[in-house]
Amino acid sequence: KQEVTQIPAALSVPEGENLVLNCSFTDSAIYNLQWFRQDPGKGLTSLLLIQSSQREQTSGRLNASLDKSSGRSTLYIAASQPGDSATYLCAVITLKETSGSRLTFGEGTQLTVNP
Amino acid sequence: DTGVSQDPRHKITKRGQNVTFRCDPISEHNRLYWYRQTLGQGPEFLTYFQNEAQLEKSRLLSDRFSAERPKGSFSTLEIQRTEQGDSAMYLCASSLDRGTDTQYFGPGTRLTVL
């Protein structure tokens with residue numbers, strides 16, 4: 001059974017800092033990996049999707065890396081801003097023949113960026 | 001707006017009542033998923049539809065839960081005889097069975113059972 005762990009569970013940083021969020025998974029036979037952002041009481045916003053053949057993806061100040069063999073992914077946020085405050089979720093994606101893509105989520109990292 | 005929509009966004013009910021949630025996927029998406037998210041946890045898979053067929057159900061989906069997608073378009077999730085433990089965010093996602101099969105999530109329905 002795939003298990004996804006995110007470290008740290010919570011992080012508080014001053015504005016402008018660069019930071020790294022970590023995600024690890026137990027089964028390396030994954031299809032893709034996706035990072036989401038969730039604001040309090042809201043749904044999920046997709047940030048980056050890394051296909052299993054890729055090593056990293058970048059979008060603006062965000063960079064996500066994937067090392068399948070070691071079961072790890074990191075989300076790097078450059079020059080953090082108060083608006084980045086949210087919960088960041090990592091999801092490992094596997095493909096099942098009869099049930100489409102299956103997302104297994106970590107518990108998230110709650111990020112607070114202080115002005 | 002061509003994204004996934006869910007209705008209602010919030011539902012407060014008393015224990016023992018039945019509730020029904022609706023999800024409208026992105027129009028051309030043939031796959032639809034329901035997830036449940038409790039406070040401080042990541043979402044957990046509940047069930048999956050390919051067109052109108054419900055192909056998989058999690059063991060989290062007790063016999064008080066039923067989901068339908070009658071015409072392969074919108075879906076409903078009904079909870080009968082609600083319990084306080086059912087309080088959670090219920091998320092719907094849809095995808096297209098081509099390319100990366102990326103799931104797109106709706107805003108969720110927040111259920112509070114008193």
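What you see is a predicted model; the values in this text were computed from it and never measured. Order of the sequence lines sets the chain letters (A, B, ...), proteins ahead of strands, with each chain counted from 1.
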Is the number of heavy atoms from other residues, nucleotides or ligands within 6.0 Å of [atom1] ([X]) greater than 12?
X      : atom1 : result
B:L60  : CG    : yes
B:E68  : CD    : no
A:K68  : NZ    : yes
A:R61  : CZ    : yes
A:R37  : CZ    : yes
B:L114 : CG    : yes
A:Q57  : CD    : yes

Point to revise | Residues which pass side-chain contact (heavy atoms from CB on, under 4.5 Å) with B:Q41, listed by chain and number, not counting sequence neighbours | key: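 If we apply the side-chain contact (heavy atoms from CB on, under 4.5 Å) test to B:Q41, skipping adjacent residues, the hits are A:E107, B:T38.
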Please look at [X] and chain B and tell me whether the side chain, the backbone, both or neither of the residue comes under 4.5 angstrom of a heavy atom of that chain.
X     : answer
A:I93 : neither
A:Q34 : side chain
A:L44 : both

Review point. So how far is it from A:K42 NZ to B:R9 CZ, rounded to the nearest 0.5 Å?
Key: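 The distance works out to 5.5 Å.
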Point to revise | Top contributor to chain A interface from B:G40, B:P43, B:S95 [non-hydrogen pairs under 4.5 Å] | key: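 Maximum pair count with chain A is reached by B:P43.
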Point to revise | Residue list, ring-ring contact (aromatic ring centres under 6.0 Å, His included) with B:Y104, at least two apart or on another chain | key: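 Only B:H29 meet the ring-ring contact (aromatic ring centres under 6.0 Å, His included) criterion with B:Y104.
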Exercise for review: With sequence neighbours left out, write down each residue that passes side-chain hydrogen bond (donor to acceptor under 3.5 Å, both in side chains) with B:S75, or none if nothing qualifies.
Suggested key: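 side-chain hydrogen bond (donor to acceptor under 3.5 Å, both in side chains) list for B:S75, sorted by chain: B:W34.
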Exercise for review: Using a heavy-atom cutoff of under 4.5 Å, enumerate the residues of residues 76-91 of chain B that contact chain A, numbered in order, or state 'none'.
Suggested key: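 So far as heavy atoms go, B:M89, B:L91 are the residues that approach chain A to under 4.5 Å.
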Check your understanding: Based on non-hydrogen pairs under 4.5 Å, which of A:S46, A:G43, A:C90 is most in contact with chain B?
Key ->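 Heavy-atom pairs under 4.5 Å are most numerous for A:G43.
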Practice item. Assess whether side chain to side chain contact (heavy atoms under 4.5 Å, CB included) is satisfied between B:Y35 and A:L103, documenting all intermediate values. Key: CA-CA 10 Å; B:Y35 293 83; A:L103 271 64; 3.6 Å; yes
Review point. Is there a donor in the side chain of A:Q38 and an acceptor in the side chain of B:Q37, or the other way round, less than 3.5 Å apart?
Key: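 Looking only at side-chain atoms, B:Q37 and A:Q38 do form a donor-acceptor pair, the distance falling under 3.5 Å.
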